[in-house]
Amino acid sequence: MSKVRRRQPSRSDAQLDESFFSRPAEIVARNLIGTILVRQLRTRQLRGRIVETEAYVGPHDLACHAAKGRTRRTEVMFGPPGRAYVYFIYGMYEMLNIVTGGEGDAQAVLVRAADPLDGWEENLSGPGRLARGFGIKLSENALDLTTSKKLFVTPDPTSRPPRIVRTPRVGVDYAKHWKDELLRFVDADSAAVSKPRPPRQST
DNA sequence: ATGTCGATTTAC
DNA sequence: TAAATCGACATC
C-alpha cells in the first residue's frame, strides 16, 4: 500500500484549464465559488477568493450580451472557453467575465466579488470594484486564462466546499422572464458578497 | 457624425 | 434618486 500523501497547501495551485471552463455557464459559475483569482503584476501578486458569480447562458438568454448577436464586443464569447470577456460600462467600470461552454456557445460567467487574500486590503465586493482592484482593463479582453501567467484561476485546496446560495442576477430587469432565473451564485458565509445580499438559506 | 444605453458605484 | 462618463452599437 502506498502511503496517502496529504496535499500541501501550495501558494500557486494548478491553473484551472479548458476542461473546467468548457462546461455550461451555470455549472462553471457554481464551481467558481471558492476558487482563487490570481493576478500577477510586475512587482506583486494579487489573489482573491471568488465569492459571487453570475451565469449568462447563451444568445437565448435575454440578459446575456450575446443575445444582441455576434458583434465586436461579444465576439470573444463565441470563441473557445477560458478566455476573458472584459467590457467597459457606465463610462467608468470594466467587468470581468470568463467564457464557458463549447466553442460557439457564447456563454460566460461574470465574476462579481472576491475576498482579498494574503493580507491585501481592498474592497472587491461588486464587479466594478473587483475589476478595478485587480487592475483589469479592456486590454485584457480575450486573454486566455488557461495559459496566461498574468491572470488565471486556481482551486483552493485548503478550503472545504462553500455553502452556496442562488438568487436572481443583479441589474438585468430588462431581460423579460430571464431576470428571475436563479443564475447568481454566492458564498453564503462570505461578508464580501455584493449589495443585494441574499437571505441565508442554502441550496 | 450623432444619439442612446448600460451585467455599476457613489454622492446627495 | 440621480449623476458620473465613454465605448459599442444603431441609425442617419
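Just so we're clear, the structure is a prediction, and the values are computed from it rather than from any experiment. Here is how names work: the chains are called A, B, and so on, in the same order as the sequence lines, proteins then strands, and each is numbered from 1. These numbers come from the heavy atoms of this one structure, side chains and all, not from hydrogens, waters or symmetry mates.
Shown here, dT4(B) forms a base pair with dA8(C); the pair counts as Watson-Crick or G-U wobble because both key distances fall under 3.5 Å.
Other residues sharing a hydrophobic cluster with L62(A) under the 4.5 Å side-chain heavy-atom criterion for ILVMFWY residues are V57(A), W178(A), L183(A).
Using a cutoff of 4.0 Å between basic side-chain nitrogens and carboxylate oxygens, R163(A) and D189(A) are scored as salt-bridged. A salt bridge is absent between R197(A) and E52(A); no separation between the charged side-chain nitrogens and carboxylate oxygens falls under 4.0 Å.
Between L16(A) and P155(A) the shortest side-chain heavy-atom distance falls below 4.5 Å. At least one side-chain heavy atom of P127(A) sits under 4.5 Å from a side-chain heavy atom of L110(A).
Between atom OG of residue S139(A) and atom CD of residue E94(A) there is a gap of 8.0 Å, rounded to the nearest 0.5 Å. Rounding to the nearest 0.5 Å gives a distance of 9.5 Å between OG1 of T53(A) and CD1 of I98(A).
Residue-level contact check: Y93(A) touches the bases, meaning some heavy atom is under 4.0 Å from a base atom. Residue M95(A) is in sugar-phosphate contact alone, with no base atom involved, counting any heavy-atom pair closer than 4.0 Å across all strands shown. Residue contacts for R132(A): at a heavy-atom cut-off of 4.0 Å it reaches the sugar-phosphate backbone alone, with no base atom in range.
Because its NZ or CZ atom is not both nearer than 6.0 Å to the ring centre of Y85(A) and within 45° of the ring axis, R83(A) does not count as a cation-pi partner of that residue.
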Output one line per pair: protein atom, nucleotide atom from nucleotides 8-12 of chain C, and distance, for all N/O pairs under 3.5 Å.
from   : atom 1 : to     : atom 2 : distance (Å)
dC9(C) : OP1    : T71(A) : OG1    : 2.1
dC9(C) : OP1    : R73(A) : N      : 3.0

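The footprint of chain A on DNA chain B, defined by a heavy-atom cutoff below 4.0 Å, extends from dG6(B) to dT10(B).
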